[in-house]
K.L.:
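My structure is below; once you've seen it, I'll send some questions.
Order of the sequence lines sets the chain letters (A, B, ...), proteins ahead of strands, with each chain counted from 1. Predicted model only: the values in this text are computed from it and were never measured.
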Amino acid sequence: ETGVTQTPRHLVMGMTNKKSLKCEQHLGHNAMYWYKQSAKKPLELMFVYNFKEQTENNSVPSRFSPECPNSSHLFLHLHTLQPEDSALYLCASSQDAGQNYGYTFGSGTRLTVV
Amino acid sequence: RKEVEQDPGPFNVPEGATVAFNCTYSNSASQSFFWYRQDCRKEPKLLMSVYSSGNEDGRFTAQLNRASQYISLLIRDSKLSDSATYLCVVNGLTGGGNKLTFGTGTQLKVEL
């Protein structure tokens, strides 16, 4: 257990479905991140939240919608996804986004879009 | 040029061998550097930070060469349990704050 919990672990959804990924951290961190990991590609940063404020949106399509109600919780709302969106979605947290800390990752949600 | 570049491997080595991985990065303004380890179908986990003076943690030694913009990881006396993908990670400041950029990883397979 890393202190960052992601649910669900696996998700299969159709292209017309709406689903949400959840991330919760118990580390007292103030920054949270969503990353996408596709096969044979490096982790891609999607969103950064620092003290509940979104500070970076890395040109992510609008079919991905993040929500950060407080410093401990982060959601990724999904709608009308494409098969190429199938990937491992990783949540991470760090002390805050303004310093050079390493990140703690959750176990990820493996998403399959059919 | 990729922001962080690594040889994907795989590196197949016998148990007890010494193996070294290199990584290059493109942003000369990068501020901090890490090696992460990722096991198959698991999340990345921080292995060690990398400092200009070089740092060692047991069998693992990390080095940073800012002038040449490369980072290395040396693993001595390899164990079967060292089999994993090793991710080179570079941290730089963006307009939104701290941002980690990951390499694609180097796969290590330690064999009997």
K.L.:
Between CG of A:L90 and NZ of B:K42, what distance do you get to the nearest 0.5 Å?
P.N.:
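The NZ atom of B:K42 is 13.0 Å from CG of A:L90, to the nearest 0.5 Å.
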K.L.:
What is the distance from atom CG of B:L87 to atom CD of A:Q37, rounded to the nearest 0.5 Å?
P.N.:
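Result: 7.0 Å between the selected atoms.
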K.L.:
Please determine whether residues A:L81 and A:L11 belong to a single hydrophobic cluster, defined as Ile, Leu, Val, Met, Phe, Trp and Tyr linked transitively by side-chain heavy-atom distances below 4.5 Å.
P.N.:
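Result: yes, single cluster for both.
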K.L.:
Any chance you could lay out the side-chain contact (heavy atoms from CB on, under 4.5 Å) test for B:L100 and A:Y103, step after step, and finish with the verdict?
P.N.:
CA-CA 8 Å; B:L100 288 188; A:Y103 295 179; 3.3 Å; yes
K.L.:
Test question: given the 4.5 Å side-chain rule for I, L, V, M, F, W and Y, name all other residues clustered with B:Y51, or answer none.
P.N.:
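Besides B:Y51, the cluster holds no residue at all.
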K.L.:
Output the distance between atom NZ (A:K41) and atom OG1 (B:T104), rounded to the nearest 0.5 Å.
P.N.:
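Nearest 0.5 Å value for the NZ-OG1 distance: 12.0 Å.
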K.L.:
With a 4.5 angstrom heavy-atom cut-off, could you sort out which part of B:Q6 is near chain A: side chain, backbone, both or neither?
P.N.:
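It is neither, since no heavy atom gets under 4.5 Å.
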K.L.:
Are B:M48 and B:F21 co-members of a hydrophobic cluster defined by side-chain heavy atoms under 4.5 Å apart?
P.N.:
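Yes, B:F21 connects to B:M48 through the hydrophobic network.
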K.L.:
Apply side-chain contact (heavy atoms from CB on, under 4.5 Å) to B:P8 and list each qualifying residue two or more places apart in sequence or on a separate chain.
P.N.:
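Testing B:P8 for side-chain contact (heavy atoms from CB on, under 4.5 Å), a comparison that skips the adjacent residues, returns none.
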K.L.:
Applying side-chain contact (heavy atoms from CB on, under 4.5 Å) to B:E43 and A:Q6, what does each step give before you reach the verdict?
P.N.:
CA-CA 11 Å; B:E43 74 276 16; A:Q6 287 187 245; over 6 Å; no
K.L.:
Would A:Y33 and B:F102 count as a close aromatic pair, with their ring centres under 6.0 Å?
P.N.:
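Centroid distance A:Y33-B:F102: not below 6.0 Å, so no.
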K.L.:
For A:L43, which atoms come within 4.5 Å of any heavy atom of chain B: side chain, backbone, both, or neither?
P.N.:
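Both backbone and side chain.
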K.L.:
Starting at CG of B:N91, measure out to OG of A:S94 and round the result to the nearest 0.5 Å.
P.N.:
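Reported to 0.5 Å precision, the distance equals 8.5 Å.
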K.L.:
Is it the case that one hydrophobic cluster holds both B:V90 and B:Y36, taking links as side-chain heavy atoms less than 4.5 Å apart, direct or via other members?
P.N.:
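No; B:Y36 is not reachable from B:V90 via cluster members.
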K.L.:
Hey, quick one: are B:Y86 and B:L74 part of the same hydrophobic cluster, counting side-chain heavy atoms closer than 4.5 Å, chains of contacts allowed?
P.N.:
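Each belongs to a different hydrophobic cluster.
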K.L.:
Please say yes or no: joined through hydrophobic side-chain contacts below 4.5 Å, possibly via intermediate residues, are A:V12 and A:L76 part of one cluster?
P.N.:
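In one cluster: no.
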